[in-house]
Amino acid sequence: MAKLFVTVGTTKFDALIDVLVSYPFLTCATTCGFETLEIQIGNSVFIPPASDNGISVAIEDDSSIESGQCVMNIDFPDGFVKKTLRVVVFRFKQNLSENIDSAGFVISHAGSGSILEALYLKKKLLIVINNSLMDNHQAELALQLEKDNFLWSCTPSTLVNEFEDIMKTKSRHDLQEFIQGDSETLTDNIFVVLSSQMFDSRNNCGFNYIFCQER
């Protein structure tokens with residue numbers, strides 16, 4: 001379980017990114033045993049963490065979000081935990097399947113495409129709900145799937161505590177396994193939640209557009 005992967009799809013989710021590069025979350029990820037934190041930030045604002053609270057942040061040469069990806073090595077103080085966390089940040093990639101498949105744990109926004117891909121690959125999945133959105137059917141989707149025991153959910157403000165609790169007290173076996181080829185239950189849940197969004201007034205697109213494009 002060396003790598004933790006986070007995706008926000010094509011969205012802008014600054015509140016989540018801010019938490020991910022904060023001292024409490026970086027510390028939590030490291031103490032939970034992760035050696036690499038990989039973050040796909042989409043259109044979000046990204047400000048690298050500063051060397052503070054005893055941690056040392058070193059950005060690799062010729063590495064920046066503008067050049068394609070930012071790679072940082074974060075060293076923690078000896079008195080706390082003598083470990084280095086490698087943080088890789090990038091905006092977009094054509095296909096995230098390899099990133100998800102190689103991760104020991106996935107944190108995602110509540111886009112249906114991102115959720116389905118992680119579940120198909122049988123990953124521990126924590127959904128972070130963007131509670132700043134209006135008409136938030138993504139929140140409804142995440143909460144319904146959590147109720148049906150497919151995943152866990154939280155908000156940016158509760159992410160650190162929820163993630164730490166999952167890592168210390170819960171396992172993949174606590175969740176209902178999603179079996180590829182037997183997606184009727186999950187698809188029904190998504191359809192019920194998104195049925196009120198069946199037609200988008202701006203482009204007259206139906207459920208299939210929402211379901212397939214909301215990554």
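Taking both residues in full, the closest heavy atoms of V106 and I100 are given as CG2-CG2, 4.0 Å, listed atom of the first, atom of the second, then distance. V8 and F13 make their closest contact through CG1-CB, 4.1 Å (heavy atoms, listed as atom of the first residue, atom of the second, distance). Heavy-atom minimum distance, C70 versus I65: CB-N, 3.8 Å. Across all their heavy atoms, E164 and C28 have their closest contact at CB-SG, 3.7 Å. Between A110 and I115, the shortest heavy-atom contact is O-CD1, 3.7 Å. Pairing each heavy atom of M72 with each of P49, the nearest pair is SD-CD, 3.6 Å.
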Run the numbers on C154 and I129 for side-chain contact (heavy atoms from CB on, under 4.5 Å), then give the verdict. CA-CA 6 Å; C154 65; I129 296 168; over 6 Å; no
side-chain contact (heavy atoms from CB on, under 4.5 Å) between S112 and L141, worked out: CA-CA 8 Å; S112 55; L141 173 60; 3.9 Å; yes
With side-chain contact (heavy atoms from CB on, under 4.5 Å) as the criterion, how do T27 and Y23 come out once you've worked through the C-alpha distance, each side chain's angles and the decisive distance to 0.1 Å? CA-CA 6 Å; T27 302; Y23 176 77; 3.5 Å; yes
Under the side-chain contact (heavy atoms from CB on, under 4.5 Å) rule, what do E162 and L126 come out as? Steps first, then yes or no, please. CA-CA 9 Å; E162 183 67 21; L126 174 59; 3.9 Å; yes
I'd like to know whether D148 forms a side chain to side chain donor-acceptor pair (under 3.5 Å) with Q176, so could you lay out the CA-CA distance, the side-chain angles of the two residues, the decisive distance to 0.1 Å, and finally the verdict. CA-CA 8 Å; D148 292 334; Q176 178 177 329; over 6 Å; no
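For the pair V57/P48, no side-chain contact is recorded, criterion being any heavy-atom separation below 4.5 Å from C-beta on. You'll find the side chain of S153 reaches within 4.5 Å of the side chain of L143, heavy atoms only. Proximity of L159 to F25: side-chain heavy atoms (C-beta onward) are separated by under 4.5 Å at one or more points. I17 has its side chain out of reach of V45: every pair of non-hydrogen atoms, C-beta onward, lies at least 4.5 Å apart.
Test I107, V88, L20 against I39 for side chain to side chain contact (heavy atoms under 4.5 Å, CB included) and you get one pass: L20.
Between the CG atom in L4 and the CE atom in M167 there is a gap of 8.0 Å [rounded to 0.5 Å]. A distance of 8.5 Å separates CG of L145 from CG of L116, quoted to the nearest 0.5 Å. To the nearest 0.5 Å, atom SG of residue C32 and atom CZ of residue F163 are 5.0 Å apart. To the nearest 0.5 angstrom, K12 atom NZ is 3.5 Å from D14 atom CG. In this structure, OG1 in T7 is found 11.0 Å from CD1 in I41, a value given to the nearest 0.5 Å. For the atom pair CD (Q144) and CZ (F150), the distance works out to 10.0 Å, reported to the nearest 0.5 Å.
Side-chain heavy atoms closer than 4.5 Å link hydrophobic residues (I, L, V, M, F, W, Y) into clusters, and following such links, possibly through other members, connects I59 to V87. Connection of V71 to I74 is not established within any shared hydrophobic cluster, with ILVMFWY side chains joined at heavy-atom distances below 4.5 Å, either directly or through further cluster members.
In terms of modelled atom types and a separation under 3.5 Å, the side chain of S114 and the main chain of S108 share no donor-acceptor contact. N43 places a side-chain N or O within donor-acceptor distance of the main-chain N or O of T10, the cut-off being under 3.5 Å. Using modelled atom types, no side-chain atom of Q69 and backbone atom of F90 make a donor-acceptor pair closer than 3.5 Å.
By the 30° and 60° cut-offs, the orientation of the rings of F34 relative to F105 is perpendicular.
With no hydrogens or angles considered, a side-chain donor-acceptor pair links T169 and D165 at under 3.5 Å. Judged purely by distance below 3.5 Å, without hydrogens or angles, the side chains of D75 and T84 pair a donor atom with an acceptor atom. For the residue pair N99 and Q40, no side-chain donor N or O sits within less than 3.5 Å of a side-chain acceptor on the partner.
A salt bridge does not link K3 to E35: none of the charged nitrogens lies less than 4.0 Å from a carboxylate oxygen. One finds a salt bridge joining E60 and R86 here, because a Lys/Arg side-chain nitrogen approaches an Asp/Glu carboxylate oxygen to under 4.0 Å.
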